Each structure stands twice: as structure tokens, then as C-alpha cells.
Novice: 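Quick one: the structure is below, and I'll ask about it shortly.
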Amino acid sequence: MCGTCCMYLGDYIVIESQEGTYRFSCSCVSTGTDFVAEVDPDKRKFFDDHSFPQQNPSACRFLRPLGEGRIGCTIHADSPAQCKYYRCRVMDIFSEEGEFKGYITGTLALHSEDTALQMIYERVMHEITGSEPQQEEQIQSQLVQAGYLVRYQ
Ligand code: SF4
């Protein structure tokens, strides 16, 4: 519900044609897959406000403010697989004292200003092997061994 990733997916989730008032034929440019999406009934009042996509031309055409500071997908039920399974953030990292130190994205990129953590992470990334879940487990384990607290998302 932060909408951060979707803010830059306007060129990747493309509306090819409108099939009904709230029904669209679309394509995922990055995967080359077509899909049909109907705006979720409970989000139509938000979708009807087109000022957001006009003001944010890089955003996905289906992204809208949903009230109370939330920004979200208005085709949640029909959103493509790449959106459903996308994980923008897989781990949050804290010091032993509980101070937030950074986070790791679904592409296993570390976002941190902490130099010590950056150095440890660089080493860890050279050592991990196996499938994606196995790599995440190894990262978590090695960061814990290095004295960090890791909260898995
Ligand atoms: S379809 Fe929904 S989840 Fe996917 S990029 Fe657009 S707003 Fe985000």
C-alpha cells in the first residue's frame, strides 16, 4: 500500500484498449504477457479520479490514492502475476539495540547508509549459493551471526 514501485511502472503495465466502463485489455511489457483487468468494485470511486495519473505520468495507470494516505492498486483482484508475486522488500535489518540499519529488496539489493553493514553484505553476497529462498536464508543467518537483528517480511 505504499505504491512506491508502482509509481514507475507506467511504461510497463500498458492499457491496450478499454473493453467496458471498468474493464481493460492490458499488457505487461517486461514479460510480454496480456491480461484483462476489471477495476475492483470497491475502488471505482478512486479510479474515477484521473488527476493522479495526469500529475504522475510515470505511474501505473491503475494506481490511485485510496484515502488516509494510502496509495494502491485499483485492480488488485486482476493485477498481473508479476505484480502479485513482486516483493519490494524482503528483510529489515536492525542493530542489536533495535536501531534500523537498512533493508534488502526482492532483488537482494541492500539499501543502507551503514558502512559496516555494507561491507558485511558485500562479503555475504560473494558467499551465498543456491536458489533464491536458500540465498535469503543464508543472508539472514549470516547477518544474525554478524550481530544484526533481521525481520523477515
Ligand atoms: S497493476 Fe497494480 S500492482 Fe501492478 S503496477 Fe499497476 S498499480 Fe501496481
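Just so you know, these numbers come straight off a predicted model, no measurement behind them. Along the sequence shown, the residues carry numbers beginning at 1.
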Novice: Can you find a heavy atom in the side chain of Q135 that is under 4.5 Å from one in the side chain of S131?
Specialist: no

Novice: For a 4.5 angstrom cut-off between non-hydrogen side-chain atoms, does T74 reach Y22?
Specialist: no

Novice: Going by side-chain contact (heavy atoms from CB on, under 4.5 Å), name the residues that satisfy it together with T129, two or more places apart in sequence or in a different chain.
Specialist: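 T129 satisfies side-chain contact (heavy atoms from CB on, under 4.5 Å) with Q138 only.
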
Novice: Test Y12 against C28 for side chain to side chain contact (heavy atoms under 4.5 Å, CB included), laying out the working first.
Specialist: CA-CA 6 Å; Y12 297 92; C28 281; over 6 Å; no

Novice: Do I75 and I71 belong to the same hydrophobic cluster, where Ile, Leu, Val, Met, Phe, Trp and Tyr are linked whenever their side-chain heavy atoms lie under 4.5 Å apart, directly or via other members?
Specialist: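 Different clusters.
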
Novice: Does CG belonging to D11 count more than 12 external heavy atoms closer than 6.0 Å?
Specialist: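 For D11, atom CG is not crowded (no more than 12 foreign heavy atoms under 6.0 Å).
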
Novice: Considering residues, nucleotides and ligands other than R89, do more than 12 of their heavy atoms fall under 6.0 Å from its CZ?
Specialist: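 Counting other residues, nucleotides and ligands, CZ of R89 exceeds 12 neighbours.
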
Novice: Test of understanding: clusters of I, L, V, M, F, W, Y form through side-chain heavy atoms closer than 4.5 Å, transitively. Do I93 and V144 belong to the same one?
Specialist: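 The answer is yes; both residues are in one hydrophobic cluster.
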
Novice: In residues 96-103, what donor-acceptor pairs under 3.5 Å come from side-chain atoms, sequence neighbours left out?
Specialist:
unit_1: E97; atom_1: OE1; unit_2: S95; atom_2: OG; d: 3.3
unit_1: K101; atom_1: NZ; unit_2: D114; atom_2: OD2; d: 3.1

Novice: Within the side chain of D78, is there an N or O that forms a donor-acceptor pair under 3.5 Å with the backbone of E38?
Specialist: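 Confirmed, D78 side chain pairs with E38 backbone.
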
Novice: What I'd like to find out is whether the side chain of C60 reaches to under 4.5 Å of the side chain of Y8, using heavy atoms alone.
Specialist: no

Novice: Rounded at 0.5 Å granularity, tell me how far OG in S17 sits from CZ in F24.
Specialist: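 So the gap between those two atoms works out to 9.5 Å.
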
Novice: Starting from the C-alpha separation in whole Å, work towards a yes-or-no answer on ring-ring contact (aromatic ring centres under 6.0 Å, His included) for F46 and F52.
Specialist: CA-CA 10 Å; F46 303 112; F52 183 80; over 10 Å; no

Novice: Checking side chain to side chain contact (heavy atoms under 4.5 Å, CB included) for the pair L110/M125: CA distance, chi angles, key distance, verdict?
Specialist: CA-CA 10 Å; L110 171 70; M125 289 305 284; over 6 Å; no

Novice: Return yes when atom OH of Y85 has more than 12 non-hydrogen atoms of other residues, nucleotides or ligands closer than 6.0 Å, and no otherwise.
Specialist: no

Novice: If you draw a 6.0 Å radius around CD in Q18, do more than 12 non-hydrogen atoms from other residues or ligands fall strictly inside?
Specialist: yes

Novice: Could you please spell out the steps behind the side chain to side chain contact (heavy atoms under 4.5 Å, CB included) verdict for Q140 and E136?
Specialist: CA-CA 6 Å; Q140 183 179 21; E136 289 177 16; over 6 Å; no

Novice: Taking atom NE2 of H126 as the centre, does the number of heavy atoms from other residues, nucleotides or ligands within less than 6.0 Å exceed 12?
Specialist: no

Novice: Assess the side chains of Q118 and S112: does a donor N or O sit below 3.5 Å from an acceptor N or O?
Specialist: no

Novice: Tell me yes or no: between the side chains of Q142 and Y121, is some donor less than 3.5 Å from an acceptor?
Specialist: no

Novice: F47 ring centre to R64 NZ or CZ under 6.0 Å, with the angle to the axis within 45°?
Specialist: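 Yes, R64 sits over the ring of F47.
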
Novice: Any chain of hydrophobic side-chain contacts (each under 4.5 Å) joining I120 to M91?
Specialist: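 Hydrophobic grouping puts I120 with M91.
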
Novice: Measuring from E127:CD to E122:CD, what's the distance to the nearest 0.5 Å?
Specialist: 11.5 Å

Novice: Search all heavy atoms of H76 against all heavy atoms of C73 and return the closest pair with its distance.
Specialist: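 Result for this residue pair: N-SG, 3.6 Å.
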
Novice: What distance separates C5 SG from L63 CG, expressed to the nearest 0.5 Å?
Specialist: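 Answer for the SG-CG pair, C5 versus L63, is 10.5 Å.
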
Novice: When you measure from the side chain of R70 to the backbone of P65, do you find a donor-acceptor pair of N or O atoms at a distance under 3.5 Å?
Specialist: no

Novice: I15 and I13: same hydrophobic cluster, using ILVMFWY side-chain contacts below 4.5 Å?
Specialist: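 Yes; tracing contacts between hydrophobic side chains, which count when under 4.5 Å, links both residues.
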
Novice: Should the heavy atoms of other residues, nucleotides or ligands under 6.0 Å from CD of E19 be counted, would the total exceed 12?
Specialist: yes

Novice: Would L9 and V29 show up in the same hydrophobic cluster when neighbours are defined by side-chain heavy atoms closer than 4.5 Å?
Specialist: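 No, no single cluster joins them.
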
Novice: State whether a side-chain donor-acceptor pair under 3.5 Å links E16 with S27.
Specialist: yes

Novice: Taking the side chain as every heavy atom from C-beta outward, state whether L143 and I104 have any pair of such atoms under 4.5 Å apart.
Specialist: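 Yes, at least one pair of side-chain atoms sits under 4.5 Å.
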
Novice: So does D42 get a backbone contact from the side chain of D40, meaning a donor-acceptor N/O pair under 3.5 Å?
Specialist: no

Novice: Please answer whether the main-chain N or O of T21 pairs with a side-chain N or O of R23 as donor and acceptor at a distance below 3.5 Å.
Specialist: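 Not confirmed, R23 side chain does not pair with T21 backbone.
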
